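Structure provided below as structure tokens; questions to follow.
What you see is a predicted model; the values in this text were computed from it and never measured. Atoms within a ligand are numbered from 1 in the order they appear, just like the ligands themselves.
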Amino acid sequence: MNGAESLVHTLLKSGVDTCFANPGTSELHFVSALDRIPGMRCVLGLFEGVVTACADGYARMAEKPAVTLLHCGPGLANGLANLHNARRACTPIVNIVGDQATHHRPLDALLTADTEGWARPVSAWVRTAASAAAVGSDAAVAVQAARTAPGQIATLIVPADVGWNEGGIVAESLPVPRQPQVAPGIVQQIATLLRRGEPTVLFLGRGALRAQALEAAQRIAAATGARLMAQQANPRIERGQGRVPIERLPYAVEPAIAALAGIGHLVLVGAVRPVAVFAYPDKPGYLYPADAQVHVLARPEQDPLHALQALANELSAPSVPLPDLGPVPEPARGIPTSEAVGQTIAALIPEQAIVVEEGVSFGRSFYAKTRAAAPHDWLQITGAAIGIGLPLATGAAIGAPERRVISLQADGAAMYTLQALWTQARERLNVTTVILANRKYAILLHELANLGVRPSAISQRMMDLGNPDLDWTRIANGMGVEAARAESCEQLADLLRQSLHRTGPFLIELVI
Ligand SMILES: Cc1ncc(C[n+]2csc(CCOP(=O)(O)OP(=O)(O)O)c2C)c(N)n1
């Protein structure tokens, strides 16, 4: 058995059975091992930023890591922005990065780079495998690191000779450390605080936004008058009919400050302190009042469900009925404004759909408008590095194959990783993409206006995606995805409905 074979066997033994890949020469032993060893689903991505965001979307839904296969330092570097997003989401991912053979490294051949150096800022765990005999046990440790709460990125660099040398040893899977639970004393302290009845927000992130945790949070809110609020950017929220609705902190500074104005206490549950995404002259960085006190019920790596249930029990908070969200909205008509599109989508989201939202400026009202839609999961960009949506949707469809994915995607951000459409077609994934084609970097135009700057001819040109216009139906067709254009809410609704009955991907270019 060579090192590459022991690596594949070990990954499978550790429960990792999906590989998103963009291989090169130094990974060919791994690829050929996949030919001989059954059990690994291999999905080709035509750019590494696609590969890494696919792994993110997959793990958000499958709740276990996929492995990526990346080519040397530069291949990893191409995938870094979406690994940055995944790190912010606390998504478990195992990266296998091929590299120059150990004895070839001193020759400084073309692809030789500081692979570990590129891996480190996005990875909680980095190792270069030293030998064929060691790479199996390295892989088992990598999977263990990835699965350690709250979910981490582990990068294993595999020099080509480590893959091709004989002497590989398959390692047993390692136990995943139990997610730490909050201490009873912390729960009691927070209960004492909440009993005082002062204006308090329970600020929820990550696992606190799953349905069961939200039910416990709702008990606490009903018993104490504390308000519930989600972080602005979240990997996965379970919402819609039959779930506890949760408002998100707005993205823009002023509305975010207004949302938290007047609170005396902010209690973090799997969340971090809310800060503005960017600094602006004369605007604060922290978004909560300067005199508010921040408390931590559960850190991101601690079990939020346990923490919230323990707090609800400590408060003897009774169960409360789920709030009535009203009926599922009807599709809107006429001009596709942000609100009208949000309402139309809310009307048509099928039960248990996965909504992936990278709507940037036009998508701002979608979350609120889809509050009373059928039950669904909402996946967002978590690190503000745009270009995640199309591959995140692709990975989510592979992670939860029985569910429909609806990908709401701003056009500028879509262009970063549009190759994901090809993977959707090749894998026949049930993804409906709605491209929000405003043919601009609209958010940057808003930001310029915020700064009081009038766009000059040059800055206008840097924020305009027209001339030539992107033709999304032809782009999609060219990658094997059927597509059509919509210019009204009625057309959008018709195409959305049709797409939900198809097998395989469909793209709607919504001209806005
Ligand atoms: C990796 C990365 N590159 C660049 C940016 C800066 N940026 C933020 S939004 C944006 C434009 C987004 O345009 P689009 O996706 O069309 O959405 P719109 O603003 O039109 O709503 C850019 C370039 C970023 N956030 N991340």
Original post:
Going through the distances and angles, do E358 and Y416 end up as a side chain to side chain donor-acceptor pair (under 3.5 Å)?
Top reply: CA-CA 12 Å; E358 189 179 30; Y416 287 62; over 6 Å; no
Subject >> Atoms in ligand 1 flagged as close to I443, the criterion being non-hydrogen separation under 4.0 Å >> reply: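 Counting from 1, the qualifying ligand atoms are 9 (S), 18 (P), 19 (O).
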Original post:
atom 24 (C) of ligand 1: which of I386, L436, N85 has the nearest heavy atom?
Top reply: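 Comparing heavy atoms across I386, L436, N85, the nearest one to atom 24 (C) of ligand 1 lies in I386.
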Subject >> Polar atom proximity, D411 to ligand 1 (N or O, under 3.5 Å) >> reply: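 Between D411 and ligand 1 (N or O atoms, distance only) the closest approach is under 3.5 Å.
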Subject >> For F362, the ligand 1 atoms whose distance to one of its heavy atoms is below 4.0 Å >> reply: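 The atoms of ligand 1 under 4.0 Å from a heavy atom of F362 are 21 (O).
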Subject >> Atoms of ligand 1 close to G412 [distance to a heavy atom under 4.0 angstrom, numbered from 1] >> reply: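 The atoms of ligand 1 under 4.0 Å from a heavy atom of G412 are 14 (P), 15 (O), 16 (O).
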Original post:
Can you list the ligand 1 atoms lying under 4.0 Å from a non-hydrogen atom of A384?
Top reply: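 With A384 as reference, the close atoms of ligand 1 come out as 24 (C), 25 (N), 26 (N).
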Original post:
Stepwise, does the salt bridge (Lys or Arg N to Asp or Glu O under 4.0 Å) test hold for E482 with R502?
Top reply: CA-CA 11 Å; E482 287 192 50; R502 309 168 70 99; 2.9 Å; yes
Original post:
Should R403 and D377 count as an ion pair when the cut-off is N to O under 4.0 Å?
Top reply: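 Yes.
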Subject >> A81 near ligand 1 by a heavy-atom separation under 4.0 Å >> reply: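 Under 4.0 Å: no for A81.
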Subject >> Protein heavy atom at shortest distance from atom 13 (O) of ligand 1 >> reply: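 Looking only at protein heavy atoms, the one closest to atom 13 (O) of ligand 1 is Y441 CD2, 3.2 Å.
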Original post:
Is the Lys NZ or Arg CZ of K369 less than 6.0 Å from the centre of F366's six-membered ring, within 45° of the axis?
Top reply: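 The answer is no; the distance or angle limit is not met.
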Original post:
With a distance cut-off below 6.0 Å to the six-membered ring centre and an angular limit of 45° from the axis, does R273 pair with Y288 as a cation-pi contact?
Top reply: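 The answer is no; the distance or angle limit is not met.
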Original post:
Can a cation-pi geometry be assigned to R239 and Y367, taking NZ or CZ under 6.0 Å from the six-membered ring centre and within 45° of the ring axis?
Top reply: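 Yes - R239 lies over the ring of Y367, closer than 6.0 Å to its centre and within 45° of its axis.
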Original post:
Counting only heavy atoms not in E330, do more than 12 fall under 6.0 Å of its CD?
Top reply: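 No - once you tally the heavy atoms of other residues, nucleotides and ligands closer than 6.0 Å, there are 12 at most.
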Original post:
Does E27 use its side chain to pair, donor to acceptor, with the backbone of G24 at less than 3.5 Å?
Top reply: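 Looks like yes, one N/O pair under 3.5 Å.
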Subject >> Atom indices of ligand 1 within 4.0 angstrom of S361 heavy atoms, with elements >> reply: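 Ligand 1 atoms under the 4.0 Å threshold to S361: 18 (P), 19 (O), 21 (O).
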**OP:** Answer yes or no for A385: is there a heavy-atom contact with ligand 1 below 4.0 Å?
**Re:**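 Within the 4.0 Å threshold, so yes.
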**OP:** Among all protein heavy atoms, pick the one closest to atom 3 (N) of ligand 1 and tell me residue, atom and distance.
**Re:**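 For atom 3 (N) of ligand 1, the nearest protein heavy atom comes out as Y416 OH, 3.5 Å.
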**OP:** Using a strict cut-off of 4.0 Å, indicate which atoms of ligand 1 neighbour a heavy atom of A413.
**Re:**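 With A413 as reference, the close atoms of ligand 1 come out as 14 (P), 15 (O).
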Original post:
Does atom 6 (C) of ligand 1 have a protein non-hydrogen atom under 4.0 Å from it?
Top reply: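 Within 4.0 Å of atom 6 (C) of ligand 1, no protein heavy atoms are found.
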**OP:** Using modelled atom types only, decide if a donor and an acceptor are shared between the side chain of E357 and the backbone of S407 within a distance under 3.5 Å.
**Re:**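 Pair absent, no side-chain N/O of E357 close to backbone of S407.
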